[in-house]
Structure formats: structure tokens, C-alpha cells
Amino acid sequence: MKDQKLICRTQCLNPPAELPQCWSLSDIVPRARVHILGDLPHCFLSPAPESSRDRSEWGRFLTYLQKKDSVGIAKVKSSQFYILPPDKDSNFSHVQVAYRVEKTCSGSDGQEHCVDNGFPSDRFQGSIENHHGRNTATETCRRHQPLAVKQVPPLKKNYAQAHPSYLETLGQVHYAWIFGAIAELVDNSRDAEATRMDISIEEIYSKRAGKEIPMLSVIDDGHGMTHEEVEKMVCFGHKKPEVDDPDYIGRFGVGFKTGAMRLGRDALVITQTNDSRSIAFLSQSLNEGKDNLEIPIVSYRRKGQYMEIDTSVQLEALAKHNLKVIKDFSPFDKYLIGAKAGLFRENNTGTQIYIWNLDEWGSQYCLEWDRGLTGGSSFHKGDIMIRSRRLRSRPGQISKKVCLDYSLRSYLEVIFLVPRIRIYLQGSLVKSRPLAKYLNQTSEVSGNIIGKHVHLTLGRSQLEFEHANCGIFLYWHGRLIEAYKRVGGMIHNGDWGRGVIGVIDVTDLMNEGNGRVGVLNTKQSFLDCEPYAQLEAWLGEKADEYWTDNFEKLKLKKGGSLYKPDHEWVQCDKCRKWRMLSSGFDVKTLPEEWFCYMDPFNGLCEMQEQKVDRGVITVSAKRTRQDIKDVEDDAMINSDANSDGESNQTQKDDKRDVTRSRRGLPRACKKGSC
């Protein structure tokens, strides 16, 4: 205030501790007359106008200080605040304030023991109000009775203080399965509408460690993030969306933080839009020994062909300080940051995430990695593996080979129901495998659960049969939440349903309304709720019916026959649409990059995706010597039956059933039972 008239309501960005609610300017003097400013601590004020009149008065006040090169002085009891004139190129979004406060604290003996000049930081504890809107805390004397001080009404909503140890707590969210942490980063790239994503682990020299250390990088070509969006991603306490958007996976506001802190102790984000670039640093190493969590952010805005510090969202001095902190506590210097920023030149926008000080497993790292064979070999491609190779616990599971539990490449192959984004792992493309398109004897089942429509695809997978796997893959918003979920008879019998795979999307079913969904914030399982319980019962019923109808009464071939998918599919690397090929075509003969105009499709990207006709079953044409012997045996049995009568045929059938039972195959049906 000035002369008992309001200038503007303001917010202090980095107060020392407790501030008076109202500042009344007692004088405005030339800066040259104030000789102590360089020795005093500083804070910053930003306008928080309640009307256009306040905004106008704030601009007039700072313009006057700037033109006169003067200092506004406010005295409140024993406190003095010096409002400094803004720089010539300032847009008046912030103003610097020097302060001097002289306070006395009385001990129990009535004597004055301490004099506080400038609020040294080690004399105070608790949270402070910063640019994220946290509120001020009560000032306390270090060794004596606390002073009675008046709390300042917050200008924004109150937020809980975040202690640095909270980052470690967030990292424990995905401790059960570390690939869930990587999936959080993949989700963010898909939500950013990225068309390409690169995931890799490489060695980089760390000056703090004095040696080379592994660093995980996740890079996409999405639309990038603005300063406000980056701030929202790395900070805490923002609002959930009120509407459940089926095309958007992220909704809990903790995915990046829980994922990054599970993978490693430190993470750097470099993101760029068409008009801006931001760098954010979420670090446990930086915040060791601190009481308040510091998250440095540096933002730039485009000016022609160059990027300059965006002073509309932060002071230039603060941006330079944050950049220095990032260089001091990370492997990134100005040259490496510039090199990484140069990766945006091709696509102009995108996000890069770098994580180091990776989580450890004993004396080694939790993850292990290799680049695969060079020269574009398809025999062995690079992968990132979980070192322990432990399988996830599932009721009724007897298989010891569930690759997606410990192989990131296997997991990324099936992570999306309808894959569109191209994912490169350790430099080689991940061949997406939409499960519903890779089954034979496919059956489409629809139903109604608590008034909501559900659709299930069931079929047999040759690969899963060989690995003794089975179960349902449950997707939500097109992203895999649960894999190999055993239902019905699969839970109690290891051979029941062997090789049978189901695929279902439960987005609509698990939407409880009002923005609430029945999915845990890890996005690796569902809440224990009524829709999910009824879904389990319905899936068990339909899976048992499918097994009974297709396998208990079906005469299967013996001797290792291969059951190929009903159709062969290939994805165009341009339009990302899936194209149906003939069942006998060998997709392994196609080139690494395939497009719609190429053989054998010979079409256009504008053409719609084909859909599988229900009830169509393709029988494998591949025959083995054992198959031929089986046919000969069947012919002999039929001949004997014609000559010896029905009783002899029954004995032959029983003998043949015993052979199938020993080989782990369902028994053949009796005559007339089909």
C-alpha cells in the first residue's frame, strides 16, 4: 500500500519464514542513497491482482521505480523491506525485494538471547510459500520458546509440504514389478500422440561418480510440454480429470514421479513444443539433507531461430541458478544439454527423459541389458531384462516360462490392444503383437455386466500352448493391465485351458462415473469392486464353455502339429494400420520396414483396416511324419471297425484315448458324441 491506498495484492515466491500481511510504503528514495542492499538477503514478489485496476496500479508503480531508479521502502515494526526497481527489459512479472528484520527472542530467564538479522535459514523449520503455492509456516527460535507470530492468509490453495524422502516413497509404488515403472513413461508418450519412441540403456561418464555409469533414456516425438505442464508433471497435488477420456491413459498425476523414482534416484526431463523448451530435474541426490524438496526448472521461449530464457514464467537469475544446479548434480553439462536439444531438430517437438543412479540388485543393477546382434539381425535383438528373472504370482500358474514378466521386449509387444506407436528398444524395432490377431479357432463372445456391454475374444495360441500358459489379457484404455489372468477351471487345473488366450477391453465397465475408475494407480491391477468381481465370474464361465466346446469334444492332431493363427497380420510403418494376409503367408519373409503398397497387400494407406469374420477357422497345412502315421493308424482302426463290429471299435478308441492322455492332449470324442 501507499498513502493508505492499495497498490496490488502480491505473492512472495521465496519468503524467509513469516511475513506481515500488509506492507505500507513509507518512502521512495533513489537507489544510490541505499548503500546496504548488496549485503541483505533477497526474496521476490509477483502480482496476484484481484481486478484489472490492481494490475494497472502494479504496472504504474514498477514503471515509476524503473524510470526513477528508486527503491520503495516499507517499514513494519522492526522489519524493513526494500522493493528494488525492475530491469529495463522486465515484463513486471516479478520484482526483487531486499529485507532486514531485527527481532529478539526471550528465554525462560527473561533475558534476550538472540538477534535475527535477515532470517538465516538454519533458524527456521517448516514449509514456505514458493512458486508452487505452498503456505508459510510458524517461525521458531532454535533453542528457546517459539515466538507468537501471526499467520499470513495464503493467496492460493494450501498444499502439504513435500519432504525429499517422499521421492523414495513414491519409488516404492512399483517395487513389485519394475516394468510397471517403464510402462508409466510409455503411457505418457502415447498420450502425447508420439509416433516413435526409443528406449535404451547406455553408459555415460559422471563427474560426481568419477566413472561411467548406466543411464536409461526414453525419447519420443510427441507434442512436448509447456512450462506449466512440466511443472504439473514433476510437482504434487494437482487435480484429477473429471471425465474418463478413453483415448487418454494418464489420470492419477503420479505416473512420471513413481516410474522415474523406481528406476533410479535422479531424472532429467528435456521437452520442447513449437514455441518453448523446458528442462526439469527431479533428484534424490540434489535433495539429500534438505528439509524441503527442490525441483529446478528452466524454461525457454522461441525467438526466431533461437531459444531464450522465458522471463514471463521465471526470473532470469532464478533460471540461471537452476541451470547451474542441474549441471552440478547431473552428468549433463552445457555441451551435452545442447547435444540432446539438437535431437529435436528433426521433428521439432518431443520429450526426452534420462534416468541414472539406477536401482540396484545386490552388487549389480536390477536391470540388465544388451544391444543384440549387429547388422539388423532378426535372430537376436537387443533387450532389457529383469536380472532376477522372477515370475509374477498368479493363482493356478504352473508355467516357468512367462517371458513378458522379465523381458521388456516381450512386454512391449503386447502392451497395447491396438498398437500405433513404433517402439525401438536398444536400437531395434519392437514387433507389436496384437494378441487378438494371433489366435486360431477364434471365438467372439459378447455379454452384459451390471448393465454394461463387454466383448471377449477367445482363441488358441500355439506359442502359449508350448509354454503351458493360458489366461485372459485385460486392457483398460487400450493398455494392458493384467496378463495371463486364470479364470474358471484354469485356476484349479494346470492343464485345463492350456494354450487358450482371451483378450478383453474393460474401459467402459471399470468407469464408475464422476471421474472415478476401478483401476489402481499403478495401472497393474484393478480395484476389488463389484464390476470386477462379476467380470471374473463371467470370464470364468465363458472360458470354460470355450474349452469344453472346442477341445474336450474335438479330435486333436498328435505329434507336435503346429496350429497357426487364423490369419497372418502385418503393420504398415507409415499409417500404422494392420493388414490381413492369407493364412499360409510367411510374414518372416517381409522386410524390416513394410508399407501398404508392397507385396502381398499391394494397397493404399487410405484403405480401412480389415476385420476378422466370426467363426472362421484356419487349419494348418503343415504335416509331420507323426501326422502321417496318425492318419494311417486311423485308417487301420476304421478298417478293423468295419470288419469286427462296434465293440472292437470301442476298444480301439479307448486305446487311442490313453495315448492322447499320456501326451497331455484332450481325449478324442466317442463315436456319435460330436
Side-chain angles (χ1 to χ4, degrees), residues 178-179 181-190 192 194-206 212-222 259-260 263-264 267-272 331-332 336-356 358-359 364-387 389 403-404 406-416 419-433 570-574 576 587-595:
I178 195 171
F179 283 169
I182 297 179
E184 298 281 9
L185 308 182
V186 176
D187 293 343
N188 291 344
S189 295
R190 202 199 84 161
T195 60
R196 172 170 177 152
M197 183 179 189
D198 291 81
I199 304 174
S200 63
I201 297 180
E202 297 178 340
E203 300 287 329
I204 187 171
Y205 181 79
S206 170
E212 288 195 341
I213 60 174
M215 183 171 67
L216 171 69
S217 62
V218 179
I219 303 173
D220 68 53
D221 62 352
L263 293 164
L268 184 76
V269 180
I270 306 176
T271 183
Q272 180 168 302
F332 289 80
L336 184 56
I337 292 176
K340 298 302 182 183
L343 298 177
F344 292 123
R345 291 177 181 173
E346 296 181 1
N347 300 299
N348 198 35
T349 65
T351 299
Q352 306 173 29
I353 299 174
Y354 301 96
I355 302 172
W356 63 96
L358 301 181
D359 191 50
Q364 297 178 308
Y365 293 102
C366 182
L367 298 174
E368 61 179 16
W369 53 93
D370 65 83
R371 299 291 298 183
L373 298 179
T374 59
S377 172
S378 61
F379 176 72
H380 176 63
K381 296 184 177 181
D383 202 353
I384 297 177
M385 314 278 283
I386 297 178
R387 186 174 299 277
R389 302 292 198 279
C403 295
L404 66 79
Y406 52 82
S407 166
L408 183 59
R409 182 173 292 274
S410 297
Y411 177 51
L412 294 177
E413 286 177 355
V414 298
I415 190 172
F416 293 126
R420 300 297 185 194
I421 183 173
R422 288 178 296 169
I423 302 178
Y424 288 79
L425 181 62
Q426 294 295 92
S428 60
L429 178 66
V430 175
K431 286 293 186 181
S432 299
R433 188 163 56 94
V570 62
Q571 188 178 30
C572 175
D573 283 311
K574 180 181 179 181
R576 307 305 293 166
V587 295
K588 294 181 179 179
T589 62
L590 296 177
E592 185 75 13
E593 289 190 349
W594 184 90
F595 303 96

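We count residues from 1, following the sequence as given. Since this is a predicted model, take the numbers as computed values, not measurements.
The minimum heavy-atom distance between F179 and I384, with the atom names listed, is CZ-O, 3.6 Å. Smallest separation of non-hydrogen atoms from P331 and I204: CB-CD1, 4.2 Å. Closest approach of S189 and M197 over heavy atoms only: OG-CE, 3.5 Å.
Take Y354 and apply the side-chain hydrogen bond (donor to acceptor under 3.5 Å, both in side chains) test, not counting sequence neighbours, and it matches Q352. Residues passing the side-chain hydrogen bond (donor to acceptor under 3.5 Å, both in side chains) test with S432: none are found, sequence neighbours excluded. Shown here are the salt bridge (charged side-chain N to carboxylate O under 4.0 Å, His left out) partners of D573, two or more places apart in sequence or in another chain: R576. Taking S410 as the reference, C403, L404, S407 meet the side chain to side chain contact (heavy atoms under 4.5 Å, CB included) condition, with sequence neighbours excluded. E202 is linked by a salt bridge (charged side-chain N to carboxylate O under 4.0 Å, His left out) to R371, counting only residues two or more places apart in sequence or in another chain. The salt bridge (charged side-chain N to carboxylate O under 4.0 Å, His left out) test applied to D359 returns R262, not counting sequence neighbours. Annotation: side-chain hydrogen bond (donor to acceptor under 3.5 Å, both in side chains) contacts of Q364 (sequence neighbours excluded): R387. Applying the side chain to side chain contact (heavy atoms under 4.5 Å, CB included) test to A260 and every residue at least two apart in sequence or in another chain returns F256, A267, I355. Here F416 pairs with nothing under the ring-ring contact (aromatic ring centres under 6.0 Å, His included) rule; sequence neighbours left out. Taking Y205 as the reference, K207, E212 meet the side chain to side chain contact (heavy atoms under 4.5 Å, CB included) condition, with sequence neighbours excluded. Taking the side-chain hydrogen bond (donor to acceptor under 3.5 Å, both in side chains) definition, one finds that R409 meets it with S428, sequence neighbours left out. A search for side chain to side chain contact (heavy atoms under 4.5 Å, CB included) contacts involving I337 returns I279, L323, F332, not counting sequence neighbours.
Atom OH of Y406 sits about 6.0 Å away from atom CE of M385, to the nearest 0.5 Å. To the nearest 0.5 Å, atoms CG (D221) and OG1 (T195) are separated by 3.5 Å. For the atom pair OH of Y411 and CD1 of I182, the computed distance is 9.5 Å after rounding to the nearest 0.5 Å.
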Practice prompt. Could you walk me through whether K381 and D383 pass salt bridge (Lys or Arg N to Asp or Glu O under 4.0 Å), step by step?
Written response: CA-CA 7 Å; K381 296 184 177 181; D383 202 353; over 6 Å; no
